[in-house]
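Order of the sequence lines fixes the chain letters, A, B, ..., with proteins taken first and strands second; residue numbering starts at 1 for each chain. Keep in mind that what you see is a predicted model, and the values were worked out from it rather than measured.
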Amino acid sequence: MRVTQLFGKTSKTEGTDYQVPSHRLLTQAGFIRESTAGRYYLLPLGLKVHDKIIEIVRKHMNAAGAQEVVMPVLHPLELWQETNRTTTTGFELMKIKDRREAEFALGGTAEEMAVDLVRKFNISYKDLPFNIYQFSMKFRDELRARGGLLRVREFVMKDAYSFGTEEQFKAVYQQMWDAYAAIFKELGLDADVVAADNGYIGGEYCHEFISESDQGESRYFIDETTGYAAHEDVAEVILEAVNPEEALLDFQQVHVPAWVQKIADMEKYFKKDKRFMIKSVAYVNSEGDIIVVVIRGDLEVNKTKLEQKLHMVGQLEAASEEDLAAIGTRTGYVHAAGQTFLKPRKAKYAKRDCKVIYVADESLKTIRNGIGGHASFEEGKESEGTNVNYGRDFKHDIELDVAMAQPGMKSKDGGVLVEKKGIEVGNIFQLGYHYSNLMHDAEYTDATGKRQKYYMGCYGIGIGRTLAAVVERFHDEKGIIWPANIAPFQVYLARLGTDENVIKAADELYENITALGIEVLYDDRDTRPGEKFADADLLGIPHRVVVSAKTVSGGMFEYKKRTDSESSMQTWENLKNLLTA
RNA sequence: CGGGGUGUAGCGCAGCUUGGUAGCGCGCAGCGUUCGGGACGCUGAGGUCGUGGGUUCAAAUCCCGCCACCCCGACCA
């Protein structure tokens with residue numbers, strides 16, 4: 001390809017709106033162009049890379065026995081209604097109607113479609129297991145697109161759906177895990193594999209493949225001694241007893257000044273570490289019930305864990321002042337001990353009839369003689385509890401681990417958790433019977449002739465995001481540095497000058513390298529050398545060859561790798577070897 | 001959805017306070033001089049000033065509505 005014929009241009013100036021390197025570089029180098037927020041044009045250069053990534057993914061999926069299909073992008077809305085995802089999806093479902101008023105969801109993920117396709121056939125146990133996948137545009141009405149291709153509203157995703165028996169599933173899951181590891185390795189992204197939350201997809205467990213990056217939005221923890229790796233949403237820690245040697249003291253309700261409300265205030269007033277404080281955090285669910293989580297003062301409630309463990313996925317929101325008023329309390333004075341304590345006040349403050357669900361975090365068991373959680377806010381008589389001991393002074397029926405992990409904590413496997421940030425480039429989900437239970441006829445015939453439900457999994461890779469993750473990992477101040485296997489071209493051939501001999505030599509070299517089956521981007525523009533070199537670096541093509549009056553007179557070619565700082569003169573034979581190596 | 005900000009030529013911006021013929025740099029086109037890390041001179045093209053309404057003799061500028069985009073948060077691939 002000649003640069004003079006290539007659609008898309010590099011830009012010398014950087015925009016000011018780019019917060020993320022890959023966004024700026026891909027735009028500046030002419031790989032992508034923004035349409036509206038979160039929707040991008042892929043230009044010829046960008047598409048070439050995109051295609052190469054797809055090819056690698058396809059190769060490994062096929063090798064793992066998965067079979068490619070294409071599903072419609074418009075999903076009949078009834079399918080989504082069958083699984084209640086029209087109301088409960090995490091992403092805002094995009095819907096459209098045709099002229100007959102038939103409603104469709106713009107596909108954001110395709111579990112229902114896959115099941116619907118499969119149930120159109122008479123599947124027997126002899127057909128199992130199988131795994132079908134596709135590359136298709138996914139639509140998600142993101143609240144806020146961000147970071148170029150990192151978080152968009154339309155993107156090509158490879159999504160696979162496996163069907164089989166429960167016994168067969170483990171092997172399929174492992175197969176996909178291995179395929180993913182191979183894919184990301186081939187792309188130069190040695191992704192961390194972390195346990196994560198299934199969220200709206202459903203199922204009981206899943207793993208995310210995360211490319212470590214400062215620009216990533218996923219926060220996760222790794223225990224480097226044991227290998228335990230988990231997304232912050234699910235990371236489990238062992239909390240050790242803080243003061244097990246301390247004798248239990250008598251509970252006291254003591255007067256405190258009105259300014260003492262937050263944990264920080266209490267630390268100041270009682271002159272004790274926040275680990276000894278007892279904190280209550282209130283949420284409201286979609287029914288309007290109030291969920292009060294009582295937890296150690298130094299910990300944060302992990303809402304994802306809480307939702308998962310209460311089976312209220314996607315339903316919890318932080319309680320408002322109004323919600324708190326409904327149970328007779330207010331911010332800073334949510335009572336840890338439970339409903340009974342609230343009753344006397346209820347008549348005065350209650351505004352609506354709602355359930356109060358108390359959850360005690362396991363961390364409460366790690367402290368003796370804690371402070372707080374028994375606040376009274378009657379004016380002039382503000383008070384707090386001291387020497388509070390969970391189990392003795394109060395206890396809740398629901399005891400869960402819902403604390404957010406923090407760096408330095410002990411992982412559930414015993415090592416120390418290190419915090420990392422990264423870009424989630426792929427995920428594998430165990431779905432189990434989630435969809436088979438919700439959708440009719442998601443069944444096959446077993447060896448005894450009985451109908452059985454499918455045990456499913458699903459597996460996704462965002463192609464554009466992966467592309468961006470590669471750029472995040474491989475770039476310098478001058479531009480992108482593509483790994484050779486996905487570079488849009490292998491060679492950037494820069495012709496310096498417009499001398500007849502130079503043109504002839506460069507044209508010939510272009511032909512000769514192309515004849516080797518190597519993709520060349522031939523910079524045949526009549527521009528100055530500096531511009532060509534700058535573009536070569538910006539575009540990130542692995543090899544750079546220069547033809548100029550100097551090289552022509554010497555009968556040699558100038559060669560440099562994108563990652564080299566110095567170039568060298570090479571004969572054609574040597575150059576050939578360097579380029580085909 | 002809450003808070004903050006921005007919309008003027010392909011890109012980056014000035015002009016708006018104090019209403020009066022729409023500007024600058026880069027880029028683009030032509031000519032010339034140049035030619036090894038983003039040259040220089042001259043000439044030129046290119047803008048419904050996001051959009052709808054209002055005030056006014058007159059609106060990029062003042063007022064109201066709407067839309068889009070960016071950042072933080074919330075939410076979540």
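Taking the C1' atom of each, B:A74 and B:G3 are spaced 11 Å apart, rounded to whole Å. Straight-line distance between the P atoms of B:U55 and B:A60: roughly 16 Å, to the nearest whole Å. Taking atom P on both B:U51 and B:A68, the two are 15 Å apart, rounded to the nearest angstrom. Taking atom C1' in both B:G10 and B:G27, one finds a spacing of 7 Å when rounded to whole Å. B:U8 and B:G47 have their P atoms separated by 15 Å, with the value rounded to a whole Å. The P atoms of B:G19 and B:C75 are separated by 47 Å, rounded to the nearest whole Å. Using atom P as the reference point in both B:C72 and B:G38, the two lie 34 Å apart (nearest Å). A distance of about 32 Å separates the P atoms of B:C71 and B:G53, rounded to the whole Å.
Atom C1' of nucleotide B:C76 and atom CD1 of A:I210 are separated by 14 Å, given to the nearest angstrom. Across the protein-nucleic acid pair, A:R153 atom CZ and B:C70 atom C1' stand 12 Å apart, rounded to whole Å. Whole-Å rounding puts the A:E217 CD to B:C76 P distance at 13 Å. Rounding to whole angstrom units, CZ of residue A:R33 and C1' of B:C69 are separated by 14 Å. Rounded to a whole Å, the CZ atom of A:R24 is 17 Å from the P atom of B:C11. The interatomic distance linking A:D233 (CG) with B:A74 (C1') rounds to 15 Å, in whole Å. Here the P atom of nucleotide B:C75 and the CZ atom of A:R151 are 12 Å apart, to the nearest Å. B:A68 atom C1' lies 17 Å from atom CG of A:L143, rounded to whole Å.
A:E317 comes within 4.0 angstrom of no nucleic acid atom, judged by non-hydrogen atoms across all strands.
A ring-centre distance under 6.0 Å is not found for A:F104 and A:W80. Here the two rings, on A:Y205 and A:Y173, have centers that are under 6.0 Å apart.
Closest-nucleotide positions on RNA chain B for A:Y18 and A:K9 were compared, and the one nearer the 5' end corresponds to A:Y18. The residue among A:F209 and A:A145 whose nearest nucleotide of RNA chain B is located toward the 5' end is A:A145.
Residues satisfying the ring-ring contact (aromatic ring centres under 6.0 Å, His included) criterion with A:Y41, sequence neighbours excluded, are absent altogether.
Other residues, nucleotides and ligands place more than 12 heavy atoms under 6.0 Å from the NZ atom of A:K421. Around the CD atom of A:Q81, the shell of radius 6.0 Å holds more than 12 heavy atoms that belong to other residues, nucleotides or ligands. Residue A:K48 qualifies as enclosed at atom NZ: its count of foreign heavy atoms under 6.0 Å is above 12. No more than 12 heavy atoms of other residues, nucleotides or ligands sit less than 6.0 Å from atom NZ of A:K274. Other residues, nucleotides and ligands place more than 12 heavy atoms under 6.0 Å from the NZ atom of A:K309.
Base pairing annotation: B:G23 forms a Watson-Crick or G-U wobble pair with B:C13, both donor-acceptor distances under 3.5 Å. Here B:G7 sits opposite B:C67 as a Watson-Crick or G-U wobble pair (both hydrogen-bonding atom distances under 3.5 Å). For B:G2, the paired base is B:C72 (Watson-Crick or G-U wobble, both distances below 3.5 Å). Shown here, B:C35 forms no base pair; nothing in the strands shown gives a Watson-Crick or G-U wobble contact with both key distances under 3.5 Å. When both pairing distances are held under 3.5 Å, B:U55 makes no Watson-Crick or G-U pair with any nucleotide shown.
Residue A:R144 places at least one side-chain N or O closer than 4.0 Å to OP1 or OP2 of B:C71.
Relative ring orientation between A:H23 and A:Y18 is described as perpendicular, the plane-to-plane angle rising above 60° on a 0-90° scale split at 30° and 60°.
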Footprint string (nucleotides 34-42 of chain B, 5' to 3'): B base within contact, S backbone only, - free, heavy atoms under 4.0 Å = BSBBBB---

